[in-house]
Amino acid sequence: MLPRIREAIAAAVRAAAKERFGADVERVVLERPPRIALGDLACPIAFDLAKALKKAPRAIATELAPALQLPEGVRQARVEGAGYLNFFLERAPVVRALLAGSVSAAARPEKVIVEHTNINPNKAAHIGHLRNAVLGDVLVRSLRRLGYPVEVQNYLDDTGVQVADVVAGLVHLQGVRTVAAAAEVVRDRRLPGGPVYAKGFAYLCWDLYAEVGRTYAARPETKAWRDEVLQAIEAGDNETARIAALVVEAIVSAHLATMGRLGIAYDVLPRESDIIHKHFWAKAFAMLKEKGAIHLETEGKHAGCWVLRLSESEEFAGMEEPDKILVRSTGTVTYTGKDIAYQLWKFGLLDADFDYDRFRPAWDSGSVEAAEIPAEVRDHPLWRTAHAGGAADAPPFGRGDRVFNVIDVRQSYPQKVVREGLRALGYAGEAERSTHFSYEIVGLSAKAARELAERFGEEYRLSPEDEQKPFVEMSGRKGLGVKADDLVELLLERSRAEIAARRTTDAATGATEAERDARAIAIGALRYFLLKVGRNKVIAFDFDEALNFEGDTGPYLQYSLVRTDNIFRKLEEKGLPAAVAPDGLPEDGWDDDLWGIALDAASTPDVAERAVDTLELAALARHAFGLAQGFNTFYHRQPILQEPDPVVRNRRIAIARIFRMEMSRLLELLGIPEPGRM
RNA sequence: GCGCCCGUAGCUCAGUCCGGAUAGAGCGUUAGCCUCCGGAGCUAAAGGUCGCGCGUUCGAAUCGCGCCGGGCGCACCA
């Protein structure tokens with residue numbers, strides 16, 4: 001409804017400008033005035049025309065206004081401020097349209113691939129990984145809302161040094177040398193002779209990985225373990241490789257559970273080992289050589305390496321070392337090389353494909369129980385690339401028209417190289433449609449680190465220099481960071497306590513309901529916390545902020561929603577109509593409190609479109625917050641239950657209904673669950 | 001050296017794409033609001049050289065240039 005009116009207004013403005021001044025205006029901007037009393041849509045056209053016409057904006061607007069052919073649905077046009085042309089809409093038709101429900105976007109043909117999460121499968125996930133997954137997930141939800149078919153990929157680097165290090169720790173530090181022994185460690189969540197890790201195997205590996213890091217530092221000769229393990233993994237078909245596979249599988253399961261309880265699901269898990277086994281790189285290498293996109297250096301410090309020359313590209317201008325080595329002098333391919341091959345596959349440009357089989361995670365990870373995973377995540381079919389064979393009924397993966405790689409800003413350079421690789425192969429269009437969804441990291445504030453040190457031990461204590469910094473990077477190698485599941489646990493404790501303080505008498509069934517609501521609130525708070533900040537902003541993590549449930553938070557949104565249900569329930573209890581009486585909806589009486597909510601609700605599609613265009617998903621969170629604020633003001637000013645006049649009451653019910661529908665859809669977009677009660 | 005990001009109220013951030021109406025929130029502080037639709041809420045107060053300078057413009061938090069402060073990147077690591 002709103003987009004149509006906007007277009008009609010734009011056309012009317014264009015026509016009036018042509019008629020009055022003979023001016024051709026291509027772009028007509030329509031924005032929201034600062035206050036609703038000034039109008040519903042504001043057009044600053046007169047300011048643009050002022051220069052060419054050598055007249056004051058206000059005078060231009062005053063001349064333009066009477067020349068406007070007001071389209072249907074527009075009540076009035078008025079000159080405001082220094083020369084704004086402000087439009088006032090007919091309120092009742094917009095309200096009626098909103099009550100009828102939103103129409104889902106038309107299906108679009110372009111398949112979109114979103115890659116996110118991509119956590120090294122060697123330790124528990126931390127809160128930086130959560131930012132990635134939540135941003136990726138909301139991008140996916142938004143794209144689907146806009147009508148795109150979306151495939152979600154979570155890439156597993158199962159052959160990298162990080163996995164090798166943990167395996168080296170198991171084998172060399174812990175004497176876990178057989179698959180059977182490793183399976184026991186995974187099952188019992190304890191190392192031989194060590195304590196049980198109630199939070200699960202991924203937590204055990206967190207500590208083990210840090211221990212390996214310390215060992216490498218203390219005894220540099222032990223670094224040979226890494227190469228030994230890497231070679232064994234690459235060779236395959238040996239005990240070490242099988243231990244590595246077991247470790248990866250267990251930790252991936254834990255990651256999926258961590259994300260699963262936040263409502264995040266994936267379609268396919270491509271594995272680096274399969275990129276190797278299926279010789280993706282060999283195919284990509286042949287393509288690159290054939291097109292002359294890469295060069296074998298014969299002299300200089302890169303002698304013997306295959307290099308992608310970036311010196312000609314202006315994006316890389318001025319860099320000390322603008323060329324990127326894809327094949328080392330030893331003949332092995334770099335990560336970026338493999339990434340180019342993977343990106344080619346995503347677009348269906350590689351003459352190769354994976355095999356696939358179903359992957360069923362063990363949802364019980366220790367920190368997460370299967371019962372916490374929402375059904376839509378648990379039942380979502382999840383596939384994984386297979387080393388051989390694979391299922392015959394696997395859906396077709398890859399062959400996307402557009403690709404988003406969600407990965408933090410530190411990866412900007414390699415991501416640019418990947419795009420440049422596509423371009424060098426002649427795939428300029430695909431390079432254009434490859435988007436690096438970049439975002440800033442989650443760091444640790446000095447205060448948060450101090451709290452960690454108090455809570456979990458002195459190994460979290462920062463050095464005096466680090467204490468002075470605005471934040472420190474989390475480091476898996478050092479074991480420094482806030483684990484995702486620990487944060488969720490703290491949030492759960494908070495929300496359980498809040499609920500316990502609010503609910504007096506609860507029957508036996510109330511307990512499970514209370515727990516479900518506590519989870520909804522904890523997850524809502526977490527997701528909103530990560531979403532509300534612009535993506536280019538470093539989050540210097542602070543426990544108090546993350547654990548806050550008041551003000552600009554997820555629970556504020558949830559609370560506003562729960563309030564509407566309370567009203568509808570009470571209306572029914574009192575025997576009053578809780579639904580909107582359609583023929584009782586008056587044409588007038590839609591005051592600014594009511595209308596502001598309707599207008600906000602109607603603008604959600606615009607916000608969503610813009611959020612995806614700019615990848616600034618925080619815009620969705622802010623929009624939801626503004627809508628909730630409007631509702632809360634209305635709630636306090638315009639009571640529904642005690643309102644004796646049925647017409648007035650009906651109007652208010654209509655607004656509450658609209659708010660409920662729209663906020664519900666927004667929360668779904670943001671992946672924030674709806675609690676039953678609060 | 002080159003490139004990218006950040007700098008707005010005590011703190012955390014919107015607003016910058018596309019210049020325009022008294023620069024907005026939340027937290028914190030202070031003062032109020034439960035004969036109520038459940039205070040995870042609402043009302044209000046106090047709080048701002050929009051990092052600095054120059055420029056463009058009728059008009060700059062927003063655009064350009066130059067600085068300053070902070071972060072990140074520029075691997076035969078992943």
Side-chain angles (χ1 to χ4, degrees), chain A residues 27 29 31 33-35 38 42 44 46-48 50-51 56-57 80-84 86 120 157 159-162 272 301-302 304-307 310 315-322 324-332 334-336 338-339 408-414 416 438 440-441 443 469-471 473 495 498-499 501-502 521 525 532-540 542 544-545 548-560 562-564 566-571 610 613-614 616 618-619 622 625-626 629 632-633 635-643 652 656 677-678:
Chain A
R27 198 170 54 96
V29 176
E31 51 198 33
R35 288 186 317 280
L38 291 170
F47 297 106
D48 300 333
K51 188 166 291 174
E80 291 281 356
Y84 283 96
N86 284 8
N120 272 312
D157 182 2
T159 62
V161 294
Q162 314 221 27
E272 178 160 274
K301 58 175 174 174
H302 293 164
C305 299
W306 285 88
V307 170
L310 301 168
E315 257 190 307
F316 297 85
M319 275 177 17
E320 270 182 18
E321 189 50 74
K324 178 68 195 173
I325 289 164
L326 297 186
V327 179
R328 305 180 185 100
S329 53
T330 58
T332 55
T334 61
Y335 181 86
T336 308
K338 276 179 276 193
D339 218 11
D408 77 55
V409 64
R410 292 170 301 183
Q411 299 289 332
S412 296
Y413 169 69
K416 270 189 195 172
S438 145
E440 264 293 356
I441 63 160
K469 293 183 180 171
F471 62 90
E473 221 177 305
S495 60
E498 295 288 335
I499 285 176
R502 271 158 239 257
I521 291 160
K532 71 170 170 178
V533 190
R535 65 189 169 97
N536 287 328
K537 225 93 169 187
V538 174
I539 296 180
D542 179 85
D544 291 339
E545 267 175 61
N548 183 27
F549 289 172
E550 284 168 18
D552 188 10
T553 66
Y556 180 90
L557 305 184
Q558 294 169 316
Y559 190 60
S560 65
V562 167
R563 278 186 148 163
T564 61
N566 291 344
I567 296 169
F568 300 142
R569 198 186 57 243
K570 290 251 164 126
L571 280 168
R610 200 183 114 80
D613 279 352
T614 59
E616 201 49 277
R622 273 180 248 121
F625 180 63
Q629 266 186 321
N632 275 330
T633 305
Y635 172 91
H636 282 274
R637 285 216 273 244
Q638 309 211 17
I640 292 174
L641 279 170
Q642 297 97 312
E643 175 54 47
R652 292 177 187 171
R677 292 167 60 198
M678 283 181 79

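The structure displayed is predicted, hence computed values, not measured ones. Within every chain, numbering begins at 1; the chains are lettered A, B, ... in the order of the sequence lines, protein sequences first and strands thereafter.
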Pairwise [atom1] distance for [N] and [M], with rounding to whole Å:
N     : M     : atom1 : result
B/A44 : B/G55 : P     : 41 Å
B/C58 : B/G53 : C1'   : 23 Å
B/C68 : B/U49 : C1'   : 16 Å
B/C50 : B/G7  : C1'   : 10 Å
B/U62 : B/G15 : C1'   : 9 Å
B/G48 : B/U8  : P     : 14 Å
B/C76 : B/G71 : P     : 25 Å
B/A14 : B/A9  : C1'   : 13 Å

With both distances kept under 3.5 Å, what pairs with [N], Watson-Crick or G-U wobble?
N     : result
B/G1  : B/C74
B/C36 : none
B/C27 : B/G10
B/C65 : B/G53

Given the structure, check if the side chain of A/Ser329 and the base of B/C76 hold any donor-acceptor pair shorter than 3.5 Å.
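Answer is yes: a donor-acceptor pair is held.
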Has the side chain of A/Asp339 got a donor or acceptor atom sitting under 3.5 Å from an opposite partner on the base of B/A78?
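Check fails, no donor-acceptor contact within cut-off.
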Would you kindly give the CD1-to-P distance between A/Ile325 and B/A78, to the nearest whole Å?
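For the pair A/Ile325 CD1 and B/A78 P, the rounded distance is 12 Å.
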Rounded distance (Å) that lies between atom P of B/A75 and atom CZ of A/Arg410:
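In whole Å, B/A75 P lies 16 Å from A/Arg410 CZ.
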Verdict with supporting geometry, A/Leu310 and A/Tyr413, side chain to side chain contact (heavy atoms under 4.5 Å, CB included):
CA-CA 11 Å; A/Leu310 301 168; A/Tyr413 169 69; 4.2 Å; yes
Is there a donor-acceptor pair under 3.5 Å between the side chain of A/Thr334 and the backbone N or O of A/Leu326?
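Yes; at least one donor-acceptor contact below 3.5 Å.
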A/Glu440 (side chain) donor-acceptor with A/Ile539 (main chain) under 3.5 angstrom
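It does not hold such a pair.
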Under the salt bridge (charged side-chain N to carboxylate O under 4.0 Å, His left out) rule, collect the residues that match up with A/Asp48, sequence neighbours excluded.
none
With heavy atoms under 4.0 Å as the rule, sort [X] into base, sugar-phosphate or nothing.
X        : answer
A/Ile521 : base
A/Pro34  : base
A/Glu616 : nothing
A/Gln629 : sugar-phosphate
A/Pro57  : nothing
A/Ser495 : nothing
A/Phe47  : base
A/Asp408 : nothing

Polar side chain donor-acceptor pair, A/Tyr556 to A/Asn632, under 3.5 angstrom:
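Side-chain D/A pair, A/Tyr556 to A/Asn632: present.
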With no hydrogens and no angle check, do the side chains of A/Asn566 and A/Arg563 hold a donor and an acceptor under 3.5 Å apart?
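Checked: A/Asn566/A/Arg563 side chains show no N/O donor-acceptor pair below 3.5 Å.
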Whether A/Thr633 contacts B/U43 is assessed here as follows: a side-chain N or O lying under 4.0 Å from the phosphate OP1 or OP2. Is that the case?
yes
Kindly say if A/Gln411 contacts the phosphate of B/A78, meaning a side-chain N or O under 4.0 Å from OP1 or OP2.
no
Residue met sooner reading RNA chain B from 5', once A/Val409 and A/Glu498 are mapped to nucleotides:
A/Glu498
Along RNA chain B (nearest heavy atom to each residue), the more 5'-positioned of A/Thr334 and A/Ala50:
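Its nearest nucleotide being more 5', the pick is A/Ala50.
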Side chain to side chain, A/Lys324 and A/Pro414, heavy atoms closer than 4.5 Å:
no
What I want to find out is whether A/Glu545 reaches A/Lys532 closely enough, with some N-O distance under 4.0 Å, to be called a salt bridge.
no
Using a 4.0 Å heavy-atom cut-off to protein, can you give one letter per nucleotide of nucleotides 33-39 of chain B, 5' to 3': B if the base is in contact, S if only the sugar-phosphate is, - if neither?
---SBBS
One character per nucleotide, please: for nucleotides 9-14 of chain B, 5' to 3', B when the base has a protein heavy atom closer than 4.0 Å, S when only the sugar-phosphate does, - otherwise.
---SSS
Please test A/Glu498 against A/Ile521 for side chain to side chain contact (heavy atoms under 4.5 Å, CB included), starting from the C-alpha separation and ending with a verdict.
CA-CA 10 Å; A/Glu498 295 288 335; A/Ile521 291 160; over 6 Å; no
Which atoms form the tightest heavy-atom contact between A/Leu641 and A/Ile567, and what is the distance?
CD2-O, 4.5 Å
From [options], pick the nucleotide closest to the side chain of [X]?
X        : options             : result
A/Cys305 : B/A25, B/C42, B/C76 : B/C76
A/Asn548 : B/C5, B/A25, B/C27  : B/C27
A/Tyr335 : B/A78, B/G73, B/C6  : B/A78
A/Pro33  : B/C72, B/A75, B/A21 : B/A21

Is the base of B/G39 syn or anti, if syn means a glycosidic angle within 90° of 0?
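It is syn.
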Is there a side chain to side chain contact (heavy atoms under 4.5 Å, CB included) between A/Arg410 and A/Ile441? Walk through the geometry before answering.
CA-CA 8 Å; A/Arg410 292 170 301 183; A/Ile441 63 160; 3.6 Å; yes
